[in-house]
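I have placed the structure first, in the form of C-alpha cells, so that the comments after it can refer back to it.
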Amino acid sequence: MQTPTHTPVLDLAAELRLPTNALDYTILAIYFVVVLGIGFAARRSVKTSLDFFLSGRSLPAWITGLAFISANLAATEILGMAANSAQYGAYTVHWYWIGAIPAMVFLGLVMMPFYYGSKVRSVPEMLLLRFDKWAHLLSSALFAFAAILIAGVNLYALAIVVEALLGWPQWVAIVVAGAFVLGYITLGGLSSAIYNEVLQFFVILAALIPLVVLGLKKVGGWGGLTDKLTATHGENFTTAWGGTGIGSDNPLGANWLTIVLGLGFVLSFGYWTTNFAEVQRALSAKNLSAAQRTPLIAAYPKIFIVFLVMIPGLTAAALIPGFGTPDSGYQYNDAIPYLMEQLLPNGVLGIAVTGLLAAFMAGMAANVSSFNTVFTNDIWARYVVRGREDDYYVRFGRLITVIGVAASVGTAFLASSFSNIMSYLQTLFSFFNVPMFVVFIVGMFWKRASAKSGFWGLLAGTVAAMMNYFWIYKQGIVDIPSDQGANFVSAIVGFVAGAVVMVAVSLFTAPKPAAELQGLVYGTRSPGMQEPPAAGDDAWYRRPALLGWGAIVLAAACYIPFSF
C-alpha cells in the first residue's frame, strides 16, 4: 500500500536543483534502455490473454514477492513517508508494522486460497462468483476509475520532483515517463511490468541506502540522531507510542486505539487485501503455494524499508532547525531531495535520481497493468463484446493500455488542482478500497450474505465515505483536526455503513445456494484449493503459515526499541 501518510503539499524548494552531470544522465539513460529491453524480451512469452494479463500463472514466488513490494514502493510513498518522519518522527513505523504486515499476512494465509483457488483473473471477478453481476460491474467500474486516478497521482508527483531536481518542465516529465511505462506494458503485458518491478526494487534500494548511511554519518550515528531530535523535538519524537494515550495530545492527532483500528485494521486491510494492483502479482504465481507466499515474502522487506524512508526524514529534521517550517525555507517533502543534494556525489546522484524515477514508474505501472486487466476481462469481455477469439482480447488489452496511460496523463493534471496530493491519494483509498474490503469480509465469512447484498453494501460504503469527507468534514459539520483524521473517519464510516447495509439486505433477500458457495466462503473448499504441493514445497521456507507468523513476530519485535 502506498499506506496513508499525513504530509503537507508536495511542493519542493526551488533551491534543491541537483548538480547533475553527464555521468548521472548516462546512468538514467541506461536504466530506460534496460526497461524497454525487458519489455521486448517479455513480448516473446505473450501468446494468450492469460499470458498478457497474468503472466500465464507461471512466475516463481520470489519474483512475484519482490514485484508485490515494488508495486507498493512508489515514490509518493518514499517522499511522503520521509516527510512524515521529518514532521512526526518515529510514528512513521505504524504505517508499516501495524498498517501493512498483519494485512499482508492475512492476504497470504486466508484470502489467497480463495483468490487463486477459484482461478479468477481479478479481484472484481471474485465478487461476480460470490454475489452477482451488479456487484461485479460496480466494483470493476470503481476499481478502473480509481486505478487511473492513482496512476495520475504518481505521474504528477514525478513531474514535480523532476522539475525541482532536474529542471525539466512538468509536461515533459509526464509525457516521457508515461511513454516508457506504456512501451513496456504494451509490449510484454504483466510479465514486463513484474520483471521491471523486480529491477526497480533493487534500483530503489541503491538510491535509498547511501542516503541512510551518509545521513547517519553526518549526524553522529543513531545515538547522535536521537540526542539531537530529543533536544529539539522532545522525547516522544523518537518513540512509537509516546503521547498516544486516549485523551493525550500529539501532532499526529491520533491515539493508540485510532492507530490500531483505523489504520491497522480498516485502512490497512482495505488496501492490502482488495487492491488488485497488488493482488494481481500474486495471481500470476505458478501455483497456490507460490501465490500465498507472494505477500508473505514481500512482508519481510516491508518490515525494514521503513528505516530507509524514516531515517532520511529524521536526519533532515536534525540537520536543519525547524525543518519544514516557513523559516527553514524547506517543506517536509524536501527531506530526501535535500539529502540527495547535500550528501551524494555525481554517479551516486544519478543512481538516486534513477531510483526515484523507478519508484514513480513502478507505482504507475502497477495501476495501469491492473486497469487493463479489469477493463478488458471484467467490463469489455463480460458485458460489451463477448465470446470473441483470445487474440482479440490481447489486442484490445494493448489498446486499452494506451487509453489508460493517456487517461493517466489527464488525471495527472487533475491532481495538480489539489493543494495536497498526498491527502488526495489517501482519500481515494478510503473511498474505493475500504467499501470493497467490507463486502469481501462479510461475503467470505457469512454464508447468509445474499447475492444482492454485495452491490448495495459496496454502493452504501462508497457513498457513506464520500458523504463523510465532502459533507460532514469539508462543510465543518463535525470538527476533525486534519485531512488524515478525516480519512480515518471516512474509512470507518464506509466500513460500518457497508456492513450494516449488507446485513439488512441479506435478511430480506434469498441467500445463494450452498452449492454455489464452495471455495468462496470460509470453511468451504474448491478443487483449486486442494492442489497437491509441488515437489520440494515442504521446505520450511516454503510453508506459508511459518512465513506469515514469522513476519508478525518480527514486526512486533521491531517495536521494542521504539517503545521506551
Side-chain angles (χ1 to χ4, degrees), residues 2 5 10 12 16-35 38 66-67 69-86 92 96 154-155 157-166 168 173 176-177 180-181 195-218 298 301-302 304-316 319 333-366:
Q2 291 158 315
T5 57
L10 187 60
L12 306 185
L16 288 177
R17 188 64 50 79
L18 298 179
T20 49
N21 62 15
L23 175 60
D24 301 311
Y25 278 105
T26 299
I27 293 172
L28 188 59
I30 291 172
Y31 169 74
F32 281 125
V33 170
V34 172
V35 162
I38 290 174
L66 290 180
I69 192 62
S70 182
N72 169 249
L73 195 58
T76 44
E77 171 157 328
I78 293 173
L79 295 177
M81 287 301 183
N84 211 44
S85 305
T92 300
Y96 290 78
N154 276 282
L155 264 182
L158 176 147
I160 294 173
V161 172
V162 170
E163 181 182 42
L165 301 187
L166 302 179
W168 298 6
V176 169
F180 274 95
V181 171
Y195 282 111
N196 268 304
E197 284 160 1
V198 173
L199 169 67
Q200 287 157 350
F201 175 76
F202 292 106
V203 173
I204 292 166
L205 293 187
L208 293 177
I209 290 173
L211 284 180
V212 172
V213 173
L214 295 176
L216 284 176
K217 182 178 179 181
K218 182 83 171 179
K302 184 71 174 177
F304 299 105
I305 283 172
V306 62
F307 296 111
L308 299 183
V309 294
M310 180 177 71
I311 290 175
L314 297 178
T315 302
L319 290 175
N333 291 294
D334 294 336
I336 283 182
Y338 166 75
L339 294 182
M340 288 170 60
E341 178 200 39
Q342 294 291 316
L343 301 177
L344 299 183
N346 289 110
V348 179
L349 189 60
I351 294 173
V353 172
T354 303
L356 278 181
L357 294 182
F360 280 117
M361 291 170 64
M364 180 188 176

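Source: prediction; values computed, not measured. Quick note: residue numbers are just sequence positions, from 1.
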Qualifying salt bridge (charged side-chain N to carboxylate O under 4.0 Å, His left out) pairs, either residue in residues 196-215, two or more places apart: Glu197-Arg281
Can you name the nearest heavy-atom pair linking Ser85 to Gly313, along with the distance? CB-CA, 4.1 Å
Between atom CZ of Phe201 and atom CG of Leu66, what is the distance when rounded to the nearest 0.5 Å? 5.5 Å
For the CD atom of Gln200 and the CD1 atom of Ile38, what is their distance to the nearest 0.5 Å? 8.0 Å
Note: Ile204 and Ile78 closest approach over all heavy atoms is CG2-CD1, 3.7 Å
pair Tyr96-Met81: side-chain heavy atoms closer than 4.5 Å: yes
Name each donor-acceptor pair under 3.5 Å that joins a side chain in residues 346-366 to protein atoms two or more places apart or in another chain, with its distance.
unit_1	atom_1	unit_2	atom_2	d
Asn346	ND2	Pro19	O	2.8
Asn346	ND2	Asp24	OD2	2.6
Thr354	OG1	Gly350	O	2.7

If you round to the nearest 0.5 Å, how far is NZ of Lys218 from CG of Leu319? 7.0 Å
Output a table of donor-acceptor pairs, distance under 3.5 Å, between side-chain atoms of residues 205-214 and any protein atom two or more places apart or on a different chain; print 'none' if there are none.
none

Closest heavy-atom contact between Val198 and Ala67? CG2-N, 4.2 Å
Of all the heavy-atom pairs spanning Ala316 and Tyr338, show the shortest one and how long it is. CB-CD2, 4.4 Å
Could you go step by step and tell me if Ile69 and Ile305 meet the side chain to side chain contact (heavy atoms under 4.5 Å, CB included) rule? CA-CA 10 Å; Ile69 192 62; Ile305 283 172; 4.0 Å; yes
Could you state the interatomic distance from OG1 (Thr315) to CG (Leu339), rounded to the nearest 0.5 Å? 6.0 Å
